[in-house]
Amino acid sequence: MGWIGETVDSIKSIKIRQLLIQAVTLGMIVTSALIIWKGLMCVTGTESPVVVVLSGSMEPGFQRGDILFLTMTKDPIRTGEIVVFNIDVSGAFIKMLISHLQVHERKTTGEIDVLTKGDNNEVDDIGLYADGQMWLNRHHIMGRAVGFLPYVGWVTIIMSEKPIIKYILIGALGLLVITSKD
Amino acid sequence: MHSFGYRANALLTFAVTILAFICAIASFSDNFSNQTPSAQIQILNINWFQKQPHGNDEVSLTLNITADLQSLFTWNTKQVFAFVAAEYKTSQNSLNQVSLWDAIIGEKEHAKFWIQISNKYRFIDQGHNLRGKDFNLTLHWHVMPKTGKMFADKIVMSGYRLPDAYR
């Protein structure tokens with residue numbers, strides 16, 4: 001009976017070690033992804049260096065599901081730039097998508113007032129701003145678009161609009177990690 | 001080592017890497033195009049020039065815009081967004097830019113054009129500083145690629161002036 005006890009013990013110990021190694025590997029993957037994301041945030045100067053186009057307000061230039069690369073440098077904001085901005089509506093930040101800057105006025109204090117309009121919209125975006133707000137200021141602007149990749153963002157849109165797919169994907173990934181031998 | 005899972009993983013990684021590489025090269029090739037756009041803007045008429053009930057000045061102009069932007073199109077260009085902005089200084093604002101007209105040019109053939117229109121967007125000042133104001137008209141363009149980096153540039157035309165009195 002002694003050797004059964006030994007075998008059971010050895011099996012148990014192997015399992016624990018494997019489990020720990022797998023957990024550490026998973027942790028490494030997650031943290032390196034986080035490092036890359038935060039590093040990108042530092043380099044580009046904006047909170048969201050990569051965004052997915054959600055609305056059709058910039059067609060035919062940018063369709064739903066495209067990916068935009070943003071930066072936010074200290075350069076002054078000028079007309080024509082494509083920007084992503086935040087509006088606080090009743091306390092909640094709504095991340096709006098981009099429009100070409102239409103009117104832009106700067107005061108000598110260095111602050112700016114900005115009015116935006118999407119290419120595909122008939123009128124400017126004043127209706128989207130908070131009640132009584134006529135202009136956007138610099139702190140509303142998240143970043144300027146400098147680069148563009150078509151179609152890659154559909155994965156994100158599908159995952160946010162049909163959350164069941166997100167759960168299935170995470171479940172499948174978890175299963176793969178647990179059942180893989182290395 | 002040769003299971004379906006490993007092979008599919010290797011293939012997919014390779015495909016994505018190659019695709020990313022191709023997109024980067026396509027974008028890089030845009031740096032080598034020789035771009036010589038030209039443009040001219042004439043103000044044909046000041047239609048009216050009034051002070052709004054809120055106290056802001058507003059002007060309506062008829063513009064004659066001639067431009068040749070064909071050299072901006074490369075094989076990696078999806079569209080060119082061109083717009084005309086009026087730029088001027090006031091005592092309160094060190095720079096004002098008001099967009100008067102824009103167009104989306106989808107094809108190279110449409111990039112050489114001549115158009116006579118009144119301003120598409122309203123030319124309204126923050127205040128009433130526009131009487132007798134000198135301003136520049138600038139034609140800006142943004143080249144939007146099929147993939148990669150976007151380019152923007154402009155031509156500044158100066159020497160325009162608004163009338164000294166409302167009409």
Side-chain angles (χ1 to χ4, degrees), chain A residues 53 58-63 66-71 75-83 98-126 134-135 144-152 155 172 175-176 179-182, chain B residues 1 3 5-6 9 16 19-20 23-24 26-27 54 56 76 78-106 120-127 129 138-154:
Chain A
V53 176
M58 283 291 285
E59 295 184 6
F62 300 134
Q63 320 270 356
D66 295 339
I67 285 206
L68 282 180
F69 299 105
L70 304 181
T71 62
D75 289 341
I77 300 189
R78 294 273 178 256
T79 34
E81 291 174 351
I82 305 177
V83 294
I98 44 184
S99 316
H100 273 114
L101 280 175
Q102 192 198 338
V103 173
H104 169 201
E105 314 220 355
R106 157 170 295 176
K107 304 195 190 311
T108 38
T109 56
E111 294 163 11
I112 50 170
D113 287 339
V114 159
L115 179 63
T116 62
K117 174 185 170 294
D119 283 347
N120 207 22
N121 298 341
E122 289 286 319
V123 295
D124 54 45
D125 293 336
I126 269 199
M134 300 281 292
W135 306 99
R144 267 181 278 250
V146 293
F148 157 77
L149 270 183
Y151 306 123
V152 183
V155 182
L175 217 62
L176 264 173
T179 58
S180 74
K181 292 280 179 217
D182 46 20
Chain B
M1 206 46 186
S3 70
Y6 278 111
N9 182 29
V16 171
L19 201 62
C23 285
S27 180
H54 298 289
N56 295 332
N76 190 27
K78 189 195 312 208
Q79 66 182 37
V80 168
F81 179 77
F83 65 98
V84 170
E87 297 176 7
Y88 60 95
K89 254 207 276 241
T90 63
S91 52
Q92 262 195 327
N93 296 343
S94 60
L95 172 68
N96 302 293
Q97 288 176 314
V98 183
S99 177
L100 298 177
W101 170 86
D102 61 24
I104 294 179
I105 307 174
K120 193 170 170 187
Y121 304 115
R122 304 168 67 185
F123 187 165
I124 303 181
D125 185 29
Q126 268 185 345
N129 305 307
T138 316
L139 178 69
H140 298 248
W141 58 85
H142 283 267
V143 180
M144 288 185 213
K146 295 201 177 93
T147 65
K149 188 161 170 334
M150 295 193 285
F151 294 93
D153 207 347
K154 60 187 182 188

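So that the names make sense, note that chain A is the first sequence line, chain B the second, and so on, each numbered from 1. Being a predicted model, the structure only gives us computed values, none of them experimental.
For A:G147 against B:M150, the heavy-atom pair with the smallest separation is N-CE, 4.2 Å.
By the 6.0 Å contact criterion, NZ on B:K89 is open, its count of non-hydrogen atoms from other residues, nucleotides or ligands being 12 or less.
Interface remark: of the candidates B:G148, B:A85, B:G106, B:C23, B:G148 forms the most heavy-atom pairs closer than 4.5 Å to chain A.
A distance of 11.5 Å separates OG of B:S27 from CZ of A:F148, quoted to the nearest 0.5 Å.
For a residue to count as touching a neighbouring chain, one of its non-hydrogen atoms must lie under 4.5 Å from one of that chain's; by this rule B:K78 touches chain A with the side chain only.
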